[in-house]
Every structure is written in C-alpha cells, then in structure tokens.
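Atoms considered below: every heavy atom in the structure, side chains included; atoms not considered: hydrogens, waters and symmetry mates. In listed order, ligands and their atoms are each counted from 1.
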Amino acid sequence: MVVSFVESCPSTQEELIFMLKNAVITPPYALVASTQTNGVGSRGHSWQSDEGNLYFSFCINENDLANDVETASASIYFASLMGEFLKSCGSKLWIKWPNDFYLGDKKIGGVITTKIKSVYVCGMGINLKKSPSFANILDIDISVPNIVDGFINYLNLKISWKQIFSKYLIEFEKSRVFNTHIDGELTSLRDAILLNDGSIMIKDKKVYSLR
Ligand code: BTN
C-alpha cells in the first residue's frame, strides 16, 4: 500500500475521498497527517484533536479483503484489526460497539468508514499525546509511522471476519453498560443482540455499524 504523509490537511478522510473520486490515486492507498484542521467524525460530527495524535485514512478495494467481510461489518473489521495490533503491542484498549476505541470507560479514538462503489475509505483517529478531559490517550508509547505500518501488516494478513468476530463478540459484553445514539436518541445497549455481521437488534430494530 502506498502511504503518503502530509504535515497538515483539513481531513485525511475528505482528502482521500476526493482523490479517489477524481482518480488522483488508486486503491490501496493511505494518507496520514500530522495534524488536521477540519476533521470529520461519525454521525456528521467534527473530529478535533491535537498535533501528535493519529490522523489516518486508507482506501482498499473490497476484493482485497478476506472474502467473508460484508459491507455492514467493514468498519468493525477495520477497528478490530487496529485493536488487535495495538493489543499485540501491550495496549489494554477495547472496542466499544460499533467502532470506538476505548480505554476503561473513556474514548481514545474512533473509526469512520464510507464505501464508494467497491472501495472502502476508512479513517481512524486515535489520541496518542493529548486528549480532551472527558477522553483519554492510548496507554502505550508508539509512533504514528509504527501504528500505520503495524495496521497495514494486519490488514494484509486477510484475517477472516469469522475470526475477528469471535473476539468482538466477547468484547461486546463491555459495551452493554453504555448508551449509543440510535436515530438521534440515546439508547442503552444493555439488551442489544449482536448479530453475525456486527449490527445489533435493539427495540426490534436492526442497527448497522457502517456510518
Ligand atoms: C468518531 O467520530 O469516533 C470517528 C472519528 C474518526 C476521525 C478520523 S481522524 C482521520 C480521519 N480523517 C477525518 O476527518 N476523520 C477520520
């Protein structure tokens, strides 16, 4: 995968989507910035974070993933790969449903994934050096290039969704004490049923993670 490092950009995610749509790049491709000025988060929120933290987006064709990764599962799949890599480096992070990086009860980062035709564009932000007081930072000392490199190595292993999901299923129990936004409403995950594609059934409604 070609990895491009830039000093600053409004949003690695928006930039990568633009480059993909305008055929400036072809997947697989990754863009990493030292800082972002107008980052995007999930559900249309902005993502503001400090210099020294991770701002990483990559795109990959669906055919280059393990063949049991469905669209509905992609964001959880990518978050889990990053989670597995960082745990292998000693971190105690975990993934709160659907794809937030947590340390204890505090968020340390998140993932957004968009699909453009057959290409996934995934963006990850992780607090490495600084965080707002309500959040936390990663519990291991690792450089941005090493995280990106380690993640790409995990991605290249083409680990099956089945294998990733078997671990995610166990970790999901930790999410039950949390609430999540469903149709703009804060809803408890206590009674949610995790389905095989990573979506949940909650109040008789199926809620997907690709968002
Ligand atoms: C979330 O809201 O939890 C997801 C945040 C994702 C932020 C990352 S930072 C790198 C990439 N570029 C963006 O503008 N957003 C994602």
Side-chain angles (χ1 to χ4, degrees), residues 1 3-21 25 27-60 74-83 85-86 93-116 119-132 134-138 142-152 155 168 171 174-175 178-182 184 186 189 198 207-211:
M1 178 162 339
V3 184
S4 168
F5 288 87
V6 296
E7 201 36 50
S8 172
C9 93
S11 156
T12 57
Q13 190 72 1
E14 301 281 288
E15 180 73 18
L16 197 54
I17 291 171
F18 177 86
M19 292 197 293
L20 186 65
K21 284 186 173 166
I25 52 125
Y29 189 96
L31 180 63
V32 187
S34 303
T35 186
Q36 268 185 174
T37 50
N38 200 12
V40 290
S42 53
R43 294 179 292 113
H45 288 164
S46 67
W47 180 260
Q48 276 160 346
S49 176
D50 289 299
E51 181 151 12
N53 291 338
L54 177 75
Y55 305 98
F56 165 49
S57 291
F58 67 94
C59 60
I60 189 161
S75 214
I76 292 178
Y77 180 76
F78 297 135
S80 296
L81 287 181
M82 179 60 95
F85 166 65
L86 292 172
L93 94 172
W94 64 281
I95 295 159
K96 177 179 157 288
W97 189 90
N99 44 222
D100 284 338
F101 299 113
Y102 265 66
L103 201 59
D105 62 355
K106 297 248 168 73
K107 181 160 168 162
I108 60 167
V111 176
I112 44 171
T113 306
T114 306
K115 199 175 185 191
I116 298 169
V119 179
Y120 291 109
V121 183
C122 173
M124 299 188 178
I126 301 180
N127 301 330
L128 302 179
K129 300 285 181 204
K130 282 188 196 159
S131 78
F134 57 83
N136 206 345
I137 60 168
L138 187 68
I142 182 167
S143 70
V144 167
N146 284 348
I147 293 192
V148 170
D149 194 51
F151 172 79
I152 292 171
L155 190 62
Y168 187 77
E171 211 161 77
K174 289 189 178 188
S175 288
F178 288 85
N179 299 316
T180 196
H181 286 274
I182 291 170
L186 208 57
L189 287 170
V207 186
Y208 289 96
S209 69
L210 190 62
R211 55 181 202 178

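Side-chain contact check for L189 versus N179: every heavy-atom pair is 4.5 Å or farther apart. Here the side chains of S8 and T37 are in contact, with some heavy-atom distance below 4.5 Å.
Set against the non-hydrogen atoms of F56, the atoms of ligand 1 under 4.0 Å away are 10 (C). Listed by atom number, the atoms of ligand 1 under 4.0 Å from G39 heavy atoms are 14 (O). Each of the atoms 12 (N), 13 (C), 14 (O) of ligand 1 lies under 4.0 Å from some heavy atom of S11. Of all the atoms in ligand 1, the ones that sit under 4.0 Å from a non-hydrogen atom of D100 are 3 (O).
Neither the backbone nor the side chain of H45 has a heavy atom within less than 4.0 Å of ligand 1.
Backbone and side-chain nitrogen or oxygen atoms of W47 are examined, and none is located within less than 3.5 angstrom of a nitrogen or oxygen of ligand 1. Of the polar atoms of S42, at least one N or O is found under 3.5 Å from an N or O of ligand 1, judged by distance alone. On a distance-only criterion, T12 and ligand 1 share at least one N/O pair closer than 3.5 Å. Looking at V40 next to ligand 1, an N or O pair under 3.5 Å apart turns up.
Among I142, I108, T12, V148, the single residue meeting the side-chain contact (heavy atoms from CB on, under 4.5 Å) criterion with L54 is V148. Each of N136, D100, N127 was scored for a side-chain hydrogen bond (donor to acceptor under 3.5 Å, both in side chains) with K107, with one residue passing: D100.
Between F151 and F56, the ring-plane angle classifies as perpendicular under the 30° and 60° cut-offs. Under the 30°/60° scheme for interplanar angles, the aromatic rings of F78 and Y120 are found to stand perpendicular.
Among all protein heavy atoms, the one lying closest to atom 12 (N) of ligand 1 is Q36 OE1, 2.8 Å. For atom 3 (O) of ligand 1, the nearest protein heavy atom (residue, atom name, distance) is K107 NZ, 2.6 Å.
S11 and N38 share no side-chain donor-acceptor pair at under 3.5 Å. Checking Y55 against T35 by side-chain atom types alone, no donor-acceptor pair falls below 3.5 Å.
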